[in-house]
Amino acid sequence: MTLPTSIVELLRWRAAQAEAEAPPAPRAARLLRLGRPWWEVWPDRFRVAAARVTARHVAYGHAMTAPPGRGGHPVPAVIVRERDDLETCARVLFLSLRDDRLRLRFHLEDDVGDDAAMCDATFIAAESARVLFDARAIRSAENEYRVDAGIPASLADEWAPLRVTDRKPFRLILRAAKPLDGQSEISTRSPDLTSS
Amino acid sequence: MSTVICSLPCTHWFCQTLRFPAAVVTDDVEGLLPRAIGLGASGAAARKAGDEWAADGFFREALDAARTALQRLDDRHSPATRLDVLRAGICFALDCGRVEEAQTFLAQVAAVEPAAGAAEDWAPLRDVDAWPDEWLVAAVRRDPPVESALDALAERYWKPLFARCQFLTLDRNKAHDLAQEAWCRVLRARHALRPGGNFPAYLTAVATNIWRDWHRSARRAGGMAEHRLASLDAEVACDDGGTRSCLGDAMPDLNSIAAAEQRLLMLDVDHALAQLSPLLREILVSRFLAEESCAEIGRRHGRSEQTISGWVRQGIRELKHYLAEPQRCTSPRIAAR
């Protein structure tokens, strides 16, 4: 393909300008602090939410044995909100595992809140409440979310036989995700002085 | 001890100066060091092949051998041999991400020969900022991650990442958020990082994925701009029949333009980029800033190389069109065309 070099040069020139005007790189300490998963930042909230969501199989025992309506077996879920947690249920509508990627679509019985267009979904083991992985869930329709995430190979092997209608070996803890609002300051102040 | 004079290959760039007579493998220094270097070469090969599990094993063994060789050094060995053993130990420690151990070895270098400690050929081992990505990534993978290595890595790739994020978001603050979020995402999955992989490309891909997710969620629709995707394969005629000459004809030297005019030109470029669909913008960033091939981009999007190539052409055509549109231009240089 013959490229019109001038446009390419223009784009690269603009990128060079953006680089020249880039704010300073955040310090490692700040990145590590920001990169900590929420269950490490708020272990108590996680413990409570995990205990609630893993205990739910008793309460939902009847529902799980009943013929599923829309989607497969309900997956107990907890929505972690600012003030309280809300127990709810997710119906898996689509599930695909290929090349260590999980593609999942589910319908929530309750709203995640704040008109959340996306949420952080933490997948925990149904039995042990251990965190398996977390992923971004994006709303595609009313209370319907989809996940497309790479998962550990061992988990992908274990879950490979799963079908939409099967009982799921995981539980969900959901949190509304903050949008990319560009509200964070990018002044030259020391990043280490900011709280996480 | 009988020795066979031949140099053992070592693929590591800092070890290339090490040449030891290969020996009948013994457990003395003359046997251990070639063994360590051989293991290091295997580790480097495994890392290059993407087999990090095997690479880690080889490098650990190489480090063990170098450690043992160091313990067995005695008065019979020359300072040069000591320095060679230390150099190998430092390299293998850094290959494993063991920065503290490498620093311990470096301290011993100065003790063996003070001049060597300050010599220029040791500087790339001392200076974290000069370490190759694979050493920095290996150090970041560890628990806890080595902050100095992460600082060096962040410093090295922050600005290009920010620039790409700015192209995607067309907003300085959002670009900052996006770049930071990409780093956070990478760090949360840092144990899975491959030191032999292309770290900057991975970082850019993570940022692009996050941006795509945000964009999709903002639209609250399945699939990003599907109505636009459908039209991309079709030819879109330019106002003048698509025969417009290159914009570059009017721009003899971008860097020689006065500051105020450069600012206007930047606004023009941003304005033109904003007119593109997010997908086309992403494709142009991937193709011309990340320098991915159309085939690579196609694999990520699940499209053929030809389709991506068509999108690239489409993006360039649209950019030219918007840049040359007089009523939208603020730069007299562009508007004059």
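Naming: A, B, ... by sequence-line order, numbering from 1 per chain.
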### Task
Answer with side chain, backbone, both or neither: which region of B:E291 has an atom nearer than 4.5 Å to a non-hydrogen atom of chain A?
side chain
### Task
Indicate yes or no: at least one non-hydrogen side-chain atom of A:L11 is less than 4.5 angstrom from one of B:L273.
yes
### Query
So do the side chains of B:L323 and A:L10 get within less than 4.5 Å of each other, counting heavy atoms only?
yes
### Query
Checking A:D148 against chain B: side chain, backbone, both or neither under 4.5 Å from a heavy atom?
neither
Please tabulate, for the side chains in residues 35-43 of chain A, all donor-acceptor contacts under 3.5 angstrom to protein atoms that are two or more places apart in sequence or on a different chain.
{"residue": "A:R36", "atom": "NH2", "partner": "A:E40", "partner atom": "O", "Å": "3.1"}
{"residue": "A:W38", "atom": "NE1", "partner": "A:T122", "partner atom": "OG1", "Å": "2.8"}

### Message
Tell me the closest heavy-atom pair linking B:E147 and A:A28, and the distance in Å.
### Response
O-CB, 3.4 Å
### Query
Taking the side chain from B:D151 and the backbone from A:R27, do they hold a donor-acceptor pair closer than 3.5 Å?
no
### Enclosure of B:R156 CZ (heavy-atom neighbours >12, cutoff 6.0 Å)
yes
### Query
Do any N or O atoms from the side chain of A:R12 and from the backbone of B:L289 form a donor-acceptor pair under 3.5 angstrom?
no
## Note on the structure
In terms of heavy-atom contacts, B:F162 and A:A22 come closest through CD2-CB, 3.5 Å
### Message
Show the nearest heavy-atom pair for residues B:E155 and A:A25, with the distance to one decimal.
### Response
OE1-CB, 3.9 Å
### Message
Rounded at 0.5 Å granularity, tell me how far CZ in A:R30 sits from CG in B:L150.
### Response
13.0 Å
## Note on the structure
With A:E21 as partner, the option from B:Q166, B:M266, B:K159 fulfilling side chain to side chain contact (heavy atoms under 4.5 Å, CB included) is B:M266
### Task
Would you mind reporting whether A:Q17 and B:R263 have side-chain heavy atoms less than 4.5 Å apart?
no
### Message
Keeping B:W158 on the side-chain end and A:P23 on the backbone end, is there a donor-acceptor pair under 3.5 Å?
### Response
yes
### Message
If you count every heavy atom of other residues, nucleotides or ligands that lies below 6.0 Å from B:D143 atom CG, does the total exceed 12?
### Response
yes
### Student check: side-chain heavy atoms of B:L265 and A:W13 closer than 4.5 Å
yes
### Query
What distance separates B:R185 CZ from A:L34 CG, expressed to the nearest 0.5 Å?
13.0 Å
